[in-house]
> 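Here's a structure for you.
The chains referred to below are lettered A, B, ... by the order of the sequence lines, with proteins before strands, and numbering in each begins at 1. Not measured: the values here are computed from a predicted model.
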Amino acid sequence: MTSKVATMADAVRELVRDGDTVAIEGFTHLIGFAAGHEIIRQRKRDLTLARLTPDLIYDQMIGAGVARKLIFSWLGNPGVGGLHAIRRRIEVAQPAPLEIEEYSHFGMVCRYVAGASNLPFFPLRSYYETDLPAANPLIRPIRSPYGDETVYAVPPLRPDVTIVHAQRADAAGDTQVWGLLGCQKEAAFAAQRVIVVVEELVDEAVIRADPNRTIIPGLKVDAVVVEPFGAHPSYAQGYYDRDNRFYLEWEAISRDPAALEAWLDEWVYGVSGRAEYLAKLGEERVAALRPGAAPSQPVDYGAYR
Amino acid sequence: MTSKVATMADAVRELVRDGDTVAIEGFTHLIGFAAGHEIIRQRKRDLTLARLTPDLIYDQMIGAGVARKLIFSWLGNPGVGGLHAIRRRIEVAQPAPLEIEEYSHFGMVCRYVAGASNLPFFPLRSYYETDLPAANPLIRPIRSPYGDETVYAVPPLRPDVTIVHAQRADAAGDTQVWGLLGCQKEAAFAAQRVIVVVEELVDEAVIRADPNRTIIPGLKVDAVVVEPFGAHPSYAQGYYDRDNRFYLEWEAISRDPAALEAWLDEWVYGVSGRAEYLAKLGEERVAALRPGAAPSQPVDYGAYR
Amino acid sequence: MSEQHRHESAAASGSAAASRSVGARRSAAGGQSGSVFSKSEMMIAAAARELAGKRVCFVGVGLPNIAVNLAKRTVAPDLELVYEAGVFGAEPARLPLSIGDPTIVTGSTAVMSMFELFAYYLQRGLVDVGFLGAAQIDRYGNINTTVIGDYAHPKTRLPGSGGACEIAIHARAVFVIMRQSKRSFVERIDFRTSPGNIGGPDGARIRRAGGWNGGGPSVVVTDLGIYHFDEATGEMRLDSLHPGATLEQVRDAMGWEPQVADRLATTPAPSTEELRLIREELDPQGVYTK
Amino acid sequence: MSEQHRHESAAASGSAAASRSVGARRSAAGGQSGSVFSKSEMMIAAAARELAGKRVCFVGVGLPNIAVNLAKRTVAPDLELVYEAGVFGAEPARLPLSIGDPTIVTGSTAVMSMFELFAYYLQRGLVDVGFLGAAQIDRYGNINTTVIGDYAHPKTRLPGSGGACEIAIHARAVFVIMRQSKRSFVERIDFRTSPGNIGGPDGARIRRAGGWNGGGPSVVVTDLGIYHFDEATGEMRLDSLHPGATLEQVRDAMGWEPQVADRLATTPAPSTEELRLIREELDPQGVYTK
């Protein structure tokens, strides 16, 4: 078995190319901030960014100019406010226009499922009597071959690269997640290339002791990056809490292009990577995010020899 | 919270009705033999039985005369031979004809997914250039609304009752499984009524300590039956091994209608339920099926207060 | 994202939002509880009471979250909390500050992929109540959370659907909590993100004929009163005025002439127990209720 | 169910089956290994060698299972075992007696629902090799495992597709292991369960145009020899005769006049190491190989 362990810099350099469609997935949980920052740092350009909730990470990336297009279903800073760098590009084309392609959450999820399943479309009962199909002509009605019911279809989404953050993987890329699963599995199987960023690198034996927790096999993984706290300021179930303070602070930063530029200079361009970012954040702030213990009980798979 | 714990006799009496479409799912793992035997004992009639692999359990049930129709994808005694009670009804209508509706494995799975998702059809890339759509006109071509690709569709399967065997549940019916998952979740969500049969009844706290292992919430469950070894001669991961001896013995029993009748008299009609069946089987044979330990390691969900 | 998110981002976009009640806390005249209470507290109590007898509720964060938790402690003890992120039967140990809070996972009944949550729970018809917020709502309960102005060249870009259009179609009943104003209660919404009773009288027929699970909007709770929907016309009807609110205030805060119930009620003020639960257990820091 | 099941049930239905080699064990003349070996051992060794360089293999139980495990120990150490029941990266601690054996789960890399296995692995195109058995096969590698006789009134009801039609369409390459006879190698199959090269010359075009992942049948290993498929005609071609088998035997055991390679090879007999692995590690009781 060949190790796929790589540095973030190498993984992004080799696997993310200008013009790619990139999906960084993780719904509220395990958001790949470390990877997004590296993409900014390497000044990738003309990306199409796909993600249900663009969230702070895509506001930062789009504010930094890496993308020409956004595919999404909900555009906000959950519980706080807006994503102003993105909104400026949509509302007033500043500093440049941003192409958008918009779905609902389930529509986006079904696009990944279609991509992961090699299906030319996926049917769902959304969009009835809404203006969404008119706004996005890729949302199309389709008749059931059984009776006269009509549902809607969405096309497959097949990212060039999907990046997921996970709690743990082995060196071959076998990846396990618990807590919210979002649509990372589907986004990974839909992709051509996959980067997995993990809190912990574990021995293959840990994975094999609980195969039901594996969401992506190493077969689908091109690089494994070990980056503890790489999802900060979002959270990793059992590892650290969401850093709500940063989400609140982002509102003012995002509203002001100069403040955004200064923030990127300090926290992205100004650091070599996540280790330096964490050092800047300070031990105290990081330590305060660690939760108490709430362990699951082991289950027995049985030894059958 | 109301307890849904019931005896097998009560659960089957109240929830399985003559003429129902019944799905007992569990692919090689956790096959609901105890429930099937109770259906035989209560002499239910005119059932439509759905299951990917009818297996010994449906050969027994169909041999006992509970069904008028079978929906399936693979008809055999895996690794051993045929299901002769079913074959007699198909090949020579003895003692009565049996209507069949036939798919492939993925077709059956997609039928349950459509039922669970309230979709009027489900698309898949099977059946190209085969005789299956001609044999079953419910398998229909459907054109993608994106370009001229054609795939096939299967209709939703919505059982009146789905019965699943599981490792454990709480009294509310929150059900957890590890090892092979088959299509039990999909078959349960597709159904109108659900019976869960478990090896162990556990406290709600055990379920809530590891919510990622829950496959069916109590919300979808009508009765919880506690029936250790209820999946024998199939297996329950971590609890007992497959009893291969019985699968081998079935070949001769199934080939001979008189032997089948005698077997049913002895092992189904002749016992009051699973406890008596197990006593008949003998402690030694049961004990020999228990595996060694292969526990998973706990994962930490984190206490967030 | 659910209610409060749409809500608050709508707020950030210049629309009215329920959470923007800072300064109003305990300033309104008290009702039968004899104590003072804020407009948000009134909205929470009113929404919670409407949840009586409900079983499965798709929760947003913010006011809906507090309303749901209040209902679970009062009129709907068996209420199961569903979060669109993929959680069923959540028992949050603290008030989740966003739906991105790990406390909704630890100790929950079931965690599943978003595909399964949307397909097997919501689209399957297992959700009794969903909450929606709105930047704009019309008399038939149709909702816009997408854009103000033209879609291609929006004056204000709002968050979009998230799961809202799915909740509107599949939840058996839809609850809306929002502040009302001429900007938010409009004659014509700029974009229909989430269908309500559609064109009005034939809304119910369209829903039935299309095989939707959802019966459409059930209640709108605002800072001024409670609206339900007329079955014949599909139109919003003011059934209850909150203590201290007047019909004139209501008319001044909406873009059409409202239907008013023959017997217009006065919403019972939050009870002492409701206020105690909100202030001591559910939002002790007053994040959402001050 | 996979290869061996279809296989053995086909056997029970009166068709030839690879596992029915009881009595043949160690009766054939030895090859370069200098030792005697059974027809099943020859078939296993020949199939295993064809797996050189393959990565992901959809395994059936019985001969394919032993062949795959032999390949993993010899020509394809990185081979990942996939079971249709929902297992990826199995490391069975004992030879699974059926695909319903818990030993395929314990210690595997990943367990997933059957929907995910079929959709995200097989239909997605991640499977390099799938094994199929057959009650009937034609010269283009089309396979019948459904019925002998008319579908509505079958002479013999066989198991049906299981996952076979999906493997035939999606696995990049399909391996067939079966005994050959005039009843199993037929001019016209009674039912096409799993497509091979379809009508022959345009099989490859149909597969490409339809967007199939699978390139069609790759190899057929029988008790007499090894067949590959001619790219131009899509027809099975005898490339190698097993030690001791003759062209006449081959002709007597098939329903059409076979294409034969210009340079017909002789299959190298199982090596001493291959035989040791089969007999000591993979099937010590000789369940499948005697």
> Indicate the atoms forming the closest heavy-atom contact of B:Glu102 with D:Thr146, along with that distance.
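That closest heavy-atom pairing would be OE2-CG2, 3.8 Å.
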
> Do B:Leu132 and D:Phe191 make a side-chain contact, defined as non-hydrogen atoms from C-beta onward lying under 4.5 Å apart?
yes

> Answer with side chain, backbone, both or neither: which region of B:Phe72 has an atom nearer than 4.5 Å to a non-hydrogen atom of chain D?
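Side chain only.
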
> For chain D, which of B:Ile31, B:Ile90, B:Leu83 has the most heavy-atom pairs under 4.5 Å?
B:Ile90

> Describe, in one word, how the ring planes of B:Phe106 and D:Phe118 are oriented to each other, choosing from parallel (under 30°), tilted (30 to 60°) and perpendicular (over 60°).
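Rings of B:Phe106 and D:Phe118: parallel, under 30°.
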
> At a heavy-atom separation under 4.5 Å, does D:Phe115 approach chain B through its side chain, its backbone, both, or neither?
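The answer is both parts of D:Phe115.
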
> I need the contact set between residues 133-158 of chain B and chain D: heavy-atom distance under 4.5 Å, sorted by residue number.
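Only B:Ala135, B:Glu149 of residues 133-158 of chain B have a heavy atom under 4.5 Å from chain D.
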
> Between D:Ala209 and chain B, with a heavy-atom cut-off of 4.5 Å, which part of the residue counts as in contact: side chain, backbone, both or neither?
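Interface part for D:Ala209: neither.
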
> Would you mind checking which part of B:Leu180 comes under 4.5 Å of any heavy atom in chain D, side chain (CB onward), backbone (N, CA, C, O), both or neither?
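Both backbone and side chain.
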
> Answer yes or no: is there a side-chain heavy-atom contact under 4.5 Å between D:Asn213 and B:Arg125?
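A side-chain contact is absent here, since even the closest heavy-atom pair is not under 4.5 Å.
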
> Tell me, for B:Ile100 versus chain D, whether the close heavy atoms (under 4.5 Å) come from the side chain, the backbone, both or neither.
side chain

> Which of residues 101-109 of chain D get closer than 4.5 angstrom to chain B, counting heavy atoms alone?
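The list, in residue order, reads D:Asp101, D:Pro102, D:Val105, D:Thr106.
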
> Answer yes or no: does atom CD of D:Glu91 have more than 12 heavy-atom neighbours from other residues, nucleotides or ligands under 6.0 Å?
yes

> Can you tell which part of D:Ile206 gets under 4.5 Å to a heavy atom of chain B, answering side chain, backbone, both or neither?
side chain

> Just wondering, do B:Glu186 and D:Ser113 contact through their side chains at under 4.5 Å, heavy atoms?
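Touching, per the 4.5 Å side-chain cut-off.
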
> When only pairs under 4.5 Å are counted, which of B:Ser126, B:Cys110, B:Ser234, B:Ser104 shares the most heavy-atom pairs with chain D?
B:Ser104

> Would you indicate whether the side-chain heavy atoms of D:Glu84 and B:Trp74 approach each other to under 4.5 Å?
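Contact flag for B:Trp74/D:Glu84 side chains = no.
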
> Grab the two heavy atoms, one from D:Arg157 and one from B:Arg87, that are nearest each other, plus how far apart they are.
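Scanning both residues completely, I find the closest heavy atoms to be O-NE, 3.3 Å.
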
> Run the side chain to side chain contact (heavy atoms under 4.5 Å, CB included) check on D:Met114 and B:Tyr112 step by step: do they pass?
CA-CA 11 Å; D:Met114 286 185 78; B:Tyr112 286 125; over 6 Å; no

> So which heavy atom on B:Thr130 is nearest to which on D:Pro195, and how close?
CG2-CD, 3.6 Å

> Quick check: closest heavy atoms across B:Leu181 and D:Met112, and the distance to 0.1 Å?
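Closest approach of B:Leu181 to D:Met112: CD1-C, 4.2 Å.
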
> Give a yes or no on this: more than 12 heavy atoms of other residues, nucleotides or ligands lie within 6.0 Å of atom CZ of D:Arg94.
yes

> Where is the tightest heavy-atom contact between D:Ser161 and B:Tyr103, given as atom of each residue plus distance?
CB-O, 4.5 Å

> Select one option (side chain, backbone, both, neither) describing which atoms of B:Gln237 are under 4.5 Å from chain D's heavy atoms.
side chain

> Please look at B:Tyr239 and chain D and tell me whether the side chain, the backbone, both or neither of the residue comes under 4.5 angstrom of a heavy atom of that chain.
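Contact with chain D is absent: no heavy atom of B:Tyr239 under 4.5 Å.
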
> Provide the closest heavy-atom pair for D:Gly163 versus B:His105 in the form atom of the first, atom of the second, distance.
N-CD2, 3.3 Å

